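Written out below as C-alpha cells is the structure these notes cover.
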Amino acid sequence: MPSPQTPFDLFGIDGVISETDAAVQDAVRKFAEAKLRPRVAEWYESGEVPVRELAAQLGELGVLGMHLDGYGCQGASATAYGLACLELEAVDSGLRTLVSVQGSLAMYAIWKWGSSEQKSTWLPPMARGTAIGCFGLTEPEFGSDPAGMRTFARRDNGDWVLNGTKKWITNGSVADVAIVWAHTDDAIRGFVVPTDTPGFSAVSIPGKLSLRASVTSEFVLDDVRLPDSAVLPTAIGLGGPLACLNEARFGIVFGVIGAARDSLETTIAYTMAREIFGKPLAAYQATQLKLSNMTLKLGTAMLLALQLGRLKDSGKLRPEQISLGKLNSVREAIDIVRECRPILGANGITLDYSALRHACNLESVMTYEGTAEIHQLTIGRALTGQQAFR
Ligand code: TGC
Ligand code: FAD
C-alpha cells in the first residue's frame, strides 16, 4: 500500500511556493503550534484572550504589518502574508483576526493614507505589538452599507469634533489607537484617534458564540475633539476604508484555508485511528468519498488563493478578484469543517477537536469583511457592469 499523503501533498502545493515564502510559513507554523495551539481551547472556552501578550509575541515574530515596508515592517510578499494568515487560522480564526485588524486595517490605513508624523508615531510600536490598533467602520445600523454611517466629524476652530457609535469592532476595547471613519461636510474621512482622548469609550460585546478567542467591541465617540493633524490626509471618500478592506480580505482568502486544513487533517487521522464494526473508519467507502470531496475543495481553494497571491505580488490584483477568493475560500472552508464535525462523532462536539470551534468561528468570517451576498454582488457587477446593491 502507498503511504498516506496529506491533502496538500496530493495537489503538490509545496512545490509551487517559493523558498522564501515557505520559510515564512514554516516559522509561523512552528510558532503557532508551539505557543498558540496549546492555549487556544482555554481562551475559546473562557472567552478571554490575552491580546496584549499575544500582540507582543506576534510583533516579535514579525507578522504585524509584515507585508508593508518601512517603519519596522518587513516588506514580505503578499503570498508570504497569506501563508502566515493560513498558519495562524489553522489554530483559530480569532488569532488571524488579530493580525488582520492590526496589520491590514489599522496599520495599513496609516501606512497608505497617513502623514509622515502619523506613520512615525504609530507604525513602529504597532509593528512591535506594543501598541494595538482597531478599525472602526461598521455601525449598529450600517454594516454592508458603510456609506450610510452616521458618525460625523465637524470642524470647530481648526479642530475636528467627532460624534457617533461604532459596533462589532475587533479589539475596540483594548486598543491604544482607533482608526475612525466618519462623514464630514465634504466626504468620508479617516481619523487617527488615541483611545485615551476624552469622550472615547468602549466596551466588549458579551455573549458571542463565534470568534470567542477575539475581543469584539462597541465604542462611542462623544464630542471627541482632535487636532487637525489627526485626519488621514489622503483618504477622501469611501474608497479610503475600502482599500484597507482589500488587504484584510486578501489575508482571509488564505486564512480560512488553514482552518479547513486543520479540520480535515485532524479528521483523516481520526478515521485511521478509530475502529468501528471491526475496522478503521478510514477503510469504509462512505468515509473515503467524504474525505476525497473535502480534499478537492481544499486544494482547489488553495490554488485560487495562490493565483490571487501571484496577482497581488505582481501588482495586478483587482477588488473583484479578491471577492472571488473571499467568497470561495470561506464557502469551501465552512463546507469542510461542517462535514468534518460529524465524522468525529461525539468527540467532535468538544474542544478537544477543532472542527466545531472552526465552524463556529467561520460564521463570523462569513459575515465580516463583506458577507457572501456582498461579494456575489461585487462579482455580478464586474460581470455585467450593473450594480445591484441598491
Ligand atoms: P461604491 O460606490 O461601489 O464605491 C465607493 C468608492 O469606493 C471605491 N471602491 C473601492 N476602492 C477600493 N477598493 C474597493 N474594494 C472598492 N470598492 C469600491 C469606488 O471606486 C468608489 O470610489 P469613488 O472615487 O468613485 O468615490 O460604494 P457602495 O456604497 O455602493 O458600496 C459598495 C460595497 C457594498 C461593495 C461596499 O461598501 C462594501 O464592501 N460593503 C461591505 C462592508 C465591509 O466589508 N465592511 C467590513 C468592515 S471591517 C471588518 O469587518 C473587519 S473584520 C476583522 C478582520 O478583517 O479580520
Ligand atoms: P447587514 O449589513 O445588516 O446584513 C444582513 C444581511 O443582509 C446579510 O446576510 C447580508 O449579506 C444581507 N445583505 C446586505 N446587503 C444586501 C443586498 N444588497 N442584497 C441582498 N442581501 C444583502 N467591522 C469593523 O468596522 N471593524 C471590525 O474590526 C469588525 N470586526 C468584526 C468582528 C466580528 C466578530 C464580526 C461578527 C463583525 C465585525 N465587523 C467589524 C463588522 C462586519 O464587517 C459587519 O458585521 C458586516 O459588514 C456585515 O454588516 P451587518 O452585520 O450590519 O449585516
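Only this structure's heavy atoms are used, side chains among them; waters, hydrogens and symmetry mates stay out. In each ligand, atom 1 is the first atom listed, and ligand 1 is the first ligand listed. Just so it is clear, the model here is predicted, and its values are computed rather than measured.
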Note to self: Pair Thr165, Thr151 - check side-chain contact (heavy atoms from CB on, under 4.5 Å), show working.
What the structure shows: CA-CA 7 Å; Thr165 301; Thr151 298; 5.8 Å; no
Hey, mind stepping through Glu87 and Arg261 against salt bridge (Lys or Arg N to Asp or Glu O under 4.0 Å) and telling me if it holds? CA-CA 10 Å; Glu87 294 302 340; Arg261 184 195 69 189; 2.9 Å; yes
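Of all atoms in ligand 2, listed by their number and element, those nearer than 4.0 Å to a heavy atom of Leu137 are 25 (O). Numbered from 1 in the order shown, with element, the atoms of ligand 2 that lie under 4.0 Å from a heavy atom of Ile169 read 24 (C), 25 (O), 26 (N), 27 (C), 28 (O). Within the listing of ligand 2, atoms 24 (C), 25 (O), 26 (N), 27 (C), 28 (O) sit less than 4.0 angstrom from a heavy atom of Phe135.
Heavy atoms from other residues, nucleotides or ligands lying under 6.0 Å from CD1 of Ile276 number more than 12. In Gln285, the CD atom is not crowded: 12 or fewer heavy atoms of neighbouring residues, nucleotides or ligands sit closer than 6.0 Å. Taking a 6.0 Å sphere around CD of Glu60, one finds it holds 12 or fewer heavy atoms contributed by other residues, nucleotides or ligands.
The side-chain hydrogen bond (donor to acceptor under 3.5 Å, both in side chains) search around Ser329 returns none, not counting sequence neighbours. For Arg155, the side-chain hydrogen bond (donor to acceptor under 3.5 Å, both in side chains) partners are Asp228, not counting sequence neighbours.
When each of Arg357, His358, Arg37 is paired with Asp92, the side-chain hydrogen bond (donor to acceptor under 3.5 Å, both in side chains) condition holds for Arg357 and for no other. Under the side chain to side chain contact (heavy atoms under 4.5 Å, CB included) test applied with Leu327, the options Glu332, His375, Met366 reduce to a single match, His375.
Hydrophobic clustering of Ile, Leu, Val, Met, Phe, Trp and Tyr side chains at less than 4.5 Å, counting indirect connections, unites Val101 with Leu232.
Protein heavy atom in closest approach to atom 50 (P) of ligand 2: Gly143 CA, 3.9 Å. Among protein heavy atoms, the minimum distance from atom 17 (C) of ligand 2 is reached at Leu377 CD1, 3.8 Å. In terms of protein heavy-atom proximity, atom 29 (C) of ligand 2 is nearest to Trp168 O, 2.6 Å. Scanning the protein heavy atoms around atom 35 (C) of ligand 2, the nearest turns out to be Tyr368 CD2, 3.9 Å. Counting protein heavy atoms only, atom 36 (C) of ligand 2 is closest to Ser364 OG, 4.0 Å. Looking at atom 46 (C) of ligand 2, its nearest protein heavy atom turns out to be Thr367 O, 3.4 Å.
Within the structure, salt bridge (charged side-chain N to carboxylate O under 4.0 Å, His left out) pairs that include any residue of residues 160-175 comprise Glu139-Lys166 (at least two apart or interchain).
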So what's ligand 1 close to, N/O to N/O, under 3.5 Å?
| unit_1 | atom_1 | unit_2 | atom_2 | d |
| --- | --- | --- | --- | --- |
| ligand 1 | 3 (O) | Arg381 | NH1 | 2.9 |
| ligand 1 | 7 (O) | Gly239 | N | 3.4 |
| ligand 1 | 13 (N) | Asn246 | ND2 | 2.9 |
| ligand 1 | 15 (N) | Asn246 | OD1 | 2.9 |
| ligand 1 | 29 (O) | Arg390 | NH2 | 2.9 |
| ligand 1 | 30 (O) | Arg390 | NH1 | 2.8 |
| ligand 1 | 39 (O) | Arg249 | NH2 | 3.0 |
| ligand 1 | 40 (N) | Ser144 | O | 2.9 |
| ligand 1 | 44 (O) | Arg249 | NH2 | 2.7 |
| ligand 1 | 44 (O) | Gly370 | N | 2.8 |
| ligand 1 | 50 (O) | Glu369 | N | 3.1 |
| ligand 1 | 55 (O) | Glu369 | OE2 | 2.6 |
| ligand 1 | 56 (O) | Arg96 | NH1 | 3.0 |
| ligand 1 | 56 (O) | Tyr368 | OH | 3.4 |

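Contact annotation: for Phe389 versus ligand 2, heavy atoms closer than 4.0 Å belong to the backbone alone. When heavy-atom distances to ligand 2 are checked against a 4.0 Å cut-off, Leu105 has no atom that comes that close, whether in backbone or side chain. Under 4.0 angstrom from ligand 2, the non-hydrogen atoms of Thr371 all belong to its side chain. At a heavy-atom distance under 4.0 Å, only side-chain atoms of Leu211, from C-beta outward, approach ligand 2.
Evaluated by nearest non-hydrogen atom to atom 2 (O) of ligand 2, the leading choice among Ser144, Gly136, Ala388, Ala248 is Ser144. In this structure, of Asn361, Ile179, Thr138, Thr170, the residue bringing a heavy atom nearest to atom 32 (C) of ligand 2 is Thr170.
The presence of a protein heavy atom under 4.0 Å from atom 7 (O) of ligand 2 is ruled out. Atom 12 (C) of ligand 2 lies below 4.0 Å from none of the non-hydrogen atoms of the protein. Protein heavy atoms come within 4.0 Å of atom 27 (C) of ligand 2. Note that atom 23 (N) of ligand 2 has protein non-hydrogen atoms nearby, at separations under 4.0 angstrom.
Ion pair Arg154/Asp156 flagged as a salt bridge, since at least one NZ, NE, NH1 or NH2 atom sits closer than 4.0 Å to an Asp/Glu carboxylate oxygen. A salt bridge does not link Glu363 with Lys208: every distance from a Lys NZ or Arg NE/NH1/NH2 to an Asp or Glu carboxylate oxygen is 4.0 Å or more.
The aromatic rings of Tyr270 and Tyr353 sit perpendicular to each other, their planes meeting at more than 60°, with 30° as the lower class boundary. Using cut-offs of 30° and 60° for the angle between ring planes, the Trp160 and Phe191 rings count as perpendicular.
Some N or O of Glu373 is nearer than 3.5 Å to an N or O of ligand 2, by distance alone.
Here Trp168 and Tyr368 keep their ring centres 6.0 angstrom or further from each other.
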